[in-house]
2 protein chains.
Amino acid sequence: MIKGILFDLDDTLYNSSEFVNIARREAVKSMIDAGLDIEFEEAMKILDKIIKDKGSNYGKHFDDLVKAVLGKYDPKIIATGIITYHNVKVALLRPYPHTIKTLMELKAMGLKLGVLTDGLTIKQWEKLIRLGIHPFFDEVITSEEFGLGKPHLEFFKYGLKRMNLKPEEVIYVGDRVDKDIIPAKKLGIISVRIIQGKYKDMEDNISDYKIKNLTELIDIIKELNKK
Amino acid sequence: MIKGILFDLDDTLYNSSEFVNIARREAVKSMIDAGLDIEFEEAMKILDKIIKDKGSNYGKHFDDLVKAVLGKYDPKIIATGIITYHNVKVALLRPYPHTIKTLMELKAMGLKLGVLTDGLTIKQWEKLIRLGIHPFFDEVITSEEFGLGKPHLEFFKYGLKRMNLKPEEVIYVGDRVDKDIIPAKKLGIISVRIIQGKYKDMEDNISDYKIKNLTELIDIIKELNKK
């Protein structure tokens, strides 16, 4: 009997890859306009390397980009990039077309809903609130809060504990085979992979279900709860 | 001969006190709506004390407020406050009505313009860019960058050096007697006090000039440069 669903956030409930990609590109364009003397594609290459080396939650990507290009700190250019990134975030952050409708139906079915996500707590909450979907979730669990992220089984176990449910009562929905599907399956949680975002072409012979959009979850749960 | 003008930023070029006051109040209202269980005026009192104790550039005012009220960290409520504060900032940050017109005239008169401000470099630049007035300034000088702020005379001396001007060639425009007018006068810089913002009622027998809005600067400079 399925009693609850745990969701990954980025690229599962909204199009994170596309949004971040656009926001970074627009930020770099505005920085070039503000005096960052470099070709756009060249700047993107340097920025991508900084993000790869320092991780996506490192707070000084634009500082490092400016230093790499100009050999010095230029607060005007950095502030321009930050403002543009933020403006794009406010404009573009919205759920996948089917997300809200599906979350409403799942709540109406009496299911407990949670988010289990890697990331900084306040940053992930900010996304949920800006997306307008935070009221649907009984639990929001972040790797920062727990101290350990995906694919660590302890993190998923902690998620189950917070939901107060057993593995066989829970579905985990995520977009990545390595970080979402494999650890869920190892614990006996039913795994649903959403084929969206930058990991949609990952090889996958393991997910219990594959879906293109979240509405398909409804039938999966009805089917499972008939048994 | 006046060749340049150094401006304070907050409450001199835009209405900082009013904007910050509205942003904080709206943020607290949204946090109460998100579950911060306290009366509004009581919450504002606690927040004011936190800001007074920790300073306005301490990054965790809302975290501390939530902890003080609920006895625990609640990321949903904190993120709600941050989002509201930011939304109000984007909506309300604009120059005083006469600022842009005056800056254009001063540039047309061939004057060098600078900002000499206490605060974090990126944060002050972000304000200048959002206000749309950053292209007018030849120099933007912050206390964070210099390592020492107002009313230290060294900071004003550094400002003169960056402007490449002598004290008698410069006017300093600010809203505070203690932090703006007194140090400027000590160095022989002509001091103009703008009677705006939360310090407008400060006792003042010392400013060389007092103005209600920035356009009055034009006549002061014309008068001084006739001599």
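In what follows, chains carry the letters A, B, and so on, assigned in the order in which the sequence lines appear, proteins first and then strands, with residues in each chain numbered from 1.
Enclosure of atom CG in A:D53 by more than 12 non-hydrogen atoms of other residues, nucleotides or ligands within 6.0 angstrom is indicated. In the displayed structure, A:M109 atom CE is contacted under 6.0 Å by more than 12 heavy atoms of other residues, nucleotides or ligands. With a 6.0 Å radius and a threshold of 12 heavy atoms from other residues, nucleotides or ligands, A:K123 has its NZ atom above the threshold.
Note that the NE2 atom of A:H134 and the OG1 atom of B:T80 stand 5.5 Å from one another [nearest 0.5 Å]. Distance check: A:F62 CZ to B:I122 CD1 gives 11.0 Å after rounding to the nearest 0.5 Å.
Between A:Y73 and B:T121 there is a side-chain heavy-atom pair separated by less than 4.5 Å. Using a 4.5 Å heavy-atom threshold, the side chains of A:K76 and B:V140 count as separate.
Between chain A and the options B:T142, B:I129, B:I83, the largest number of non-hydrogen pairs under 4.5 Å is found for B:I83.
For chain B, the nearby part of A:I82 is the side chain; its heavy atoms alone come within less than 4.5 Å.
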